[in-house]
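Following: one structure in C-alpha cells, then a few remarks.
Chain naming here is simple, since letters A, B, ... match the order of the sequence lines and numbering starts at 1 in each. Hydrogens, waters and symmetry mates are skipped; everything else that's a heavy atom, side chains included, is used.
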There are 2 protein chains.
Amino acid sequence: MSSVSIKEVAARAGVSPGTVSNVLNRPEKVAESTRSRVEKAIRDLGFVRHGSASSLRAGHSRTVGLSVIDIGNPFFTDVAAGVEEVASERGYAVILGNSSGDRLKEERNLLVFAEQRVRGVLITPAGGNLAKLDQLRERGINVVLVDHPAERADQCSVAVNDITGGSLAVSHLLAAGAGRIAYVTGPLTIRQCADRLTGAERALAAAGRDPGQALEEVAMSAMNARSGQQAAEKLIAEGRLPDAVFCANDLLALGMLRGLLHAGVRVPQDVLLIGYDDIDFASASAVSLTSIRQPTHRLGRVATELLLDECDNPESHAHQQVMFQPELIVRESTH
Amino acid sequence: MSSVSIKEVAARAGVSPGTVSNVLNRPEKVAESTRSRVEKAIRDLGFVRHGSASSLRAGHSRTVGLSVIDIGNPFFTDVAAGVEEVASERGYAVILGNSSGDRLKEERNLLVFAEQRVRGVLITPAGGNLAKLDQLRERGINVVLVDHPAERADQCSVAVNDITGGSLAVSHLLAAGAGRIAYVTGPLTIRQCADRLTGAERALAAAGRDPGQALEEVAMSAMNARSGQQAAEKLIAEGRLPDAVFCANDLLALGMLRGLLHAGVRVPQDVLLIGYDDIDFASASAVSLTSIRQPTHRLGRVATELLLDECDNPESHAHQQVMFQPELIVRESTH
DNA sequence: TATGCTGGTCGAAACGTTTTAGTCAAAAGC
DNA sequence: GCTTTTGACTAAAACGTTTCGACCAGCATA
C-alpha cells in the first residue's frame, strides 16, 4: 500500500530528489557523505525504485522478453535457464512467453513485449512472424534469434549447426556398421528437422552410399515420446526394421527405444539408436541413449549476452551470427 | 524509435487524449462513431500502449511474478505452462524467476518483482523468505503459494496432498506383495519429502506393519537421476535389496530403474518400483514407471486464477487454501 | 581583484498514461 | 418553459522517476 517515493527519501536525507536519483544511478557523482546519508534513508524507509516510473522517464526498461516454442521441452527449458541466469546477473527481468508453436500466440507475446517496452526480445521463431520482428526493431527493441540462424547480417542470432549434427549422427551409425538407416523426424517444414536430414544425407554420400537407398524417412506430426513409439510400432509391423534409427530429437528416441524393447528388439544388438539434444533423460533411460549434444544452456547465455550488449553499447555493438557446433555423445544404444 | 503516443492518436482522430484512453479502457463509455474513428487512428499509426506509463498512473501493472525452485524440473515446467496460459488469457505478462533452491537468489527475484510493481507473485518458496513475502503483501502485492500449503488463513495457496500421495504409493506396493520397502528421497528438510514419508508410514501402520521394520529411508542430497542410480548401487552393494522401492520423485526413480536393470535386477519381477510426479518421461522409460500423478498443470492454472481474482476483486475475494489429491498411475514397474 | 573551473547539489521540466472535475448540448421530467 | 438529467467529451492534474540547465561555494589561475 504505502509506497515510499524518492521524494520521501530525499526529505529524510535532507537532499533533493535529483540527488537521490543520482545515488541510485551514478553513485560516483555524489559526495561520499551525502551518499551514505541517502543510502541510510533508503534502508530506513524500505524504499524500492518504481520500475515503471523509471523506465517511463528513462525511455527503456530493464526487462527482456523470451518467447519459446515449447516450455515443456527440456531443450527450451535449458535455454531459458541460461537466459534467466544472465539476465538476473545483469539486473534484468525476464518476461516469459510460450508460443506452443502457434503463430498467433507468438504474435500476442510480441504485442505484450511491445507494451511492456522490453529492452530486447529473445525468440525462437515459430514461423511466419519475421516481419513482425522487423517492426519491433523499428520500434527500437532489439531482437536476437535463438536456435535460428539469422538470414541477414543486421541482426544477432545464436544457433547450432544442425547439418553437422545430422552428419555426426549418421557417420557414427555407419562406423558402427549400420547399412540401412531410418530417420524418424517431425515435420520437415521445421528447419531443424530438415537440416539434420541434409546432414545425414551428406554423411551417407561421403561414405559412398546412395542416400535414396540407405536412408528411409519416417516423418511424424509431433516430436514427443508417443510419436517415437508409434514410429517403432510402424517399422516393426511393416517388417522393415533397419539396422539403425536416427531420431530428430531425444523424445522421439526415447519412445522409439521403448517401442523396440517392448517388441523384443534389442538395442543396440539388433538395432542401433541415436537421438538428438542429449537431454538429461537420455542418459537415464534403461539403455542409455547415444545422442547429439547441443550447448543449450550456453545458447541461452550467449544469446542474452549478445542482446544486452546490443542494448547497452548500441554504437560499438557488432552484430553476430553465432553458430555452435554439436557434439556426439556415445552411450549404450550404439555401443 | 518513433514511439507514437496517445496524443498523436488523439490529434489524428480529432479528439482529446482522455477519449482515446477511454476507448482503450472503457470502450462502452464512448460513442460508436468516435470510437471507430479512434480505433482507425490507432491502427493507422500502429499505436501500442505504453505499459509503464499506464501502470505508473493506474497504480498497478499487468504483470505477475513467478518464482520457481528449478526450471529444469518437468514438474515446475508444467506448473509454469499452466501459469503462462492463464496469465496470457487475461492479458497479463509473466515475469520468470528461477531460485535454484537458493534463498538469496529467491530474495533477489522478489526484489525484481517489487521493482516491477507486479500485480501479484506466484511462488514455490525455497525456504526462509516467508517474512519477505509478508512485506510484499504489505506493499499491496498479492502472493499465492504454489505447491506449498499456507499456514495462515489470510492468504491463498495451492498444493497437493503429499501425505495421501505417500500412502497411495506404499499401499499399492503392499497390495502388490511387498514386504520390505526402501524410501529413496531428497533431504527430509524438504516439506514434500517429509510429507510423503509420513504418508508411507501411515500406510504401513494401517496395514498392521511396523514402519520401523518394514521401511528403510535412503536420503540423497539431490533429487535427480544420478542420485537415483547411486542409491541403487548402494542398495545392491550392501546386499540389502528390498522388495520394493518408493522414490520421492520420478527423476530419482528413473535413475534407480537404470541402476537396478544394469545390475541385472529385474523390474518388477525382482523389485517393485514406484516414483512420484508422473512426469512425461515416466511412461516412456524402458520399463514404464508406476507413479503418483499430481495435477501439475492445474496447479499452475488454479494458482494464477486465484491470484488474478484477488487482484481484480479485492473485496469479494475469499482466500482459499486449495489442496488437490494425487492419483496413483499403475504401469509396468509394479505390475 | 577579477576570472574561470570544478565538484556537488538543486529545481523544474519532462516521460505517456489515467482520472477527476468540469463543460456543453440535447433529452427528459414536471 | 423551466429545471434536471443524461451522454459525450475535454482539460488538466496527477503518478514517480530521470535529466538538464542553473547555481554556488571554493579553489586555482592570471
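Per the geometry, CZ belonging to B/Phe47 stands 8 Å off C1' belonging to C/dT17, to the nearest Å. Whole-Å rounding puts the B/Asn25 CG to C/dT19 C1' distance at 10 Å. Whole-Å rounding puts the A/Glu8 CD to D/dC15 P distance at 11 Å. Put simply, NE2 on B/His50 is 19 Å from P on D/dC15, counting in whole angstrom units. Across the protein-nucleic acid pair, A/Arg49 atom CZ and D/dG16 atom P stand 15 Å apart, rounded to whole Å. Per the geometry, CD belonging to B/Glu28 stands 17 Å off P belonging to D/dT6, to the nearest Å. Rounded to whole angstrom, the span from the CD1 atom of A/Ile6 across to the P atom of D/dC15 amounts to 15 Å. Rounded to whole Å, atom C1' of D/dT19 lies 13 Å from atom NZ of A/Lys29.
Residue contacts shown for B/Ser5 are limited to sugar-phosphate atoms, with no base heavy atom under 4.0 Å away. At the heavy-atom level, B/Thr34 lies under 4.0 Å from the strands shown only through sugar-phosphate atoms. Nucleic acid contact for A/Arg35: none, since no nucleic acid atom lies under 4.0 Å from a heavy atom of the residue. Heavy atoms of A/Arg117 sit nowhere under 4.0 angstrom from any nucleic acid atom. Counting any heavy atom pair closer than 4.0 Å across all strands shown, B/Ser54 reaches sugar-phosphate atoms only and no base atom.
In this structure, B/Leu56 and B/Arg37 both approach DNA chain D, and ranking their closest nucleotides by distance from the 5' end singles out B/Arg37.
Atom CZ in A/Arg139 sits 12.5 Å away from atom CG in A/Asp134 (nearest 0.5 Å). From B/Ile69, atom CD1 reaches atom CD of B/Glu106 across 7.5 Å, with rounding to the nearest 0.5 Å. To the nearest 0.5 Å, atom OG1 of residue B/Thr19 and atom CZ of residue B/Arg35 are 13.0 Å apart.
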Taking only N/O atoms, report every protein-nucleotides 10-14 of chain C pair under 3.5 Å with atom names and distance.
{"unit_1": "C/dC10", "atom_1": "OP2", "unit_2": "A/Ser16", "atom_2": "N", "d": "2.8"}
{"unit_1": "C/dC10", "atom_1": "OP2", "unit_2": "A/Ser16", "atom_2": "OG", "d": "3.4"}
{"unit_1": "C/dC10", "atom_1": "OP2", "unit_2": "A/Thr19", "atom_2": "OG1", "d": "2.8"}
{"unit_1": "C/dA14", "atom_1": "N3", "unit_2": "A/Arg57", "atom_2": "NH1", "d": "2.9"}

With the criterion being N/O to N/O and under 3.5 Å, what pairs connect the protein with nucleotides 21-25 of chain C, and how long is each?
none

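With D/dT18, C/dT18, D/dG16 as the candidates, the nucleotide lying closest to the side chain of B/Ala58 is C/dT18.
Side-chain atoms of A/Asp78 and A/His297 include no donor-acceptor pair closer than 3.5 Å. Of the N and O atoms on the side chains of A/Ser52 and B/Ser55, at least one donor lies less than 3.5 Å from an acceptor on the other residue. Under the 3.5 Å distance criterion, with hydrogens and angles disregarded, no donor-acceptor pair is assigned to the side chains of B/His148 and B/Gln192.
With respect to B/Ile6, the side chain to side chain contact (heavy atoms under 4.5 Å, CB included) criterion is satisfied by exactly one of B/Ser54, B/Ser16, B/Ser21: B/Ser21. With respect to A/Ile123, the side chain to side chain contact (heavy atoms under 4.5 Å, CB included) criterion is satisfied by exactly one of A/Leu110, A/Val68, A/Leu66: A/Leu110.
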- Message: Apply salt bridge (charged side-chain N to carboxylate O under 4.0 Å, His left out) to residues A/Glu310 and A/Arg119 and explain how you reach the verdict.
- Response: CA-CA 10 Å; A/Glu310 188 170 355; A/Arg119 198 72 194 278; over 6 Å; no
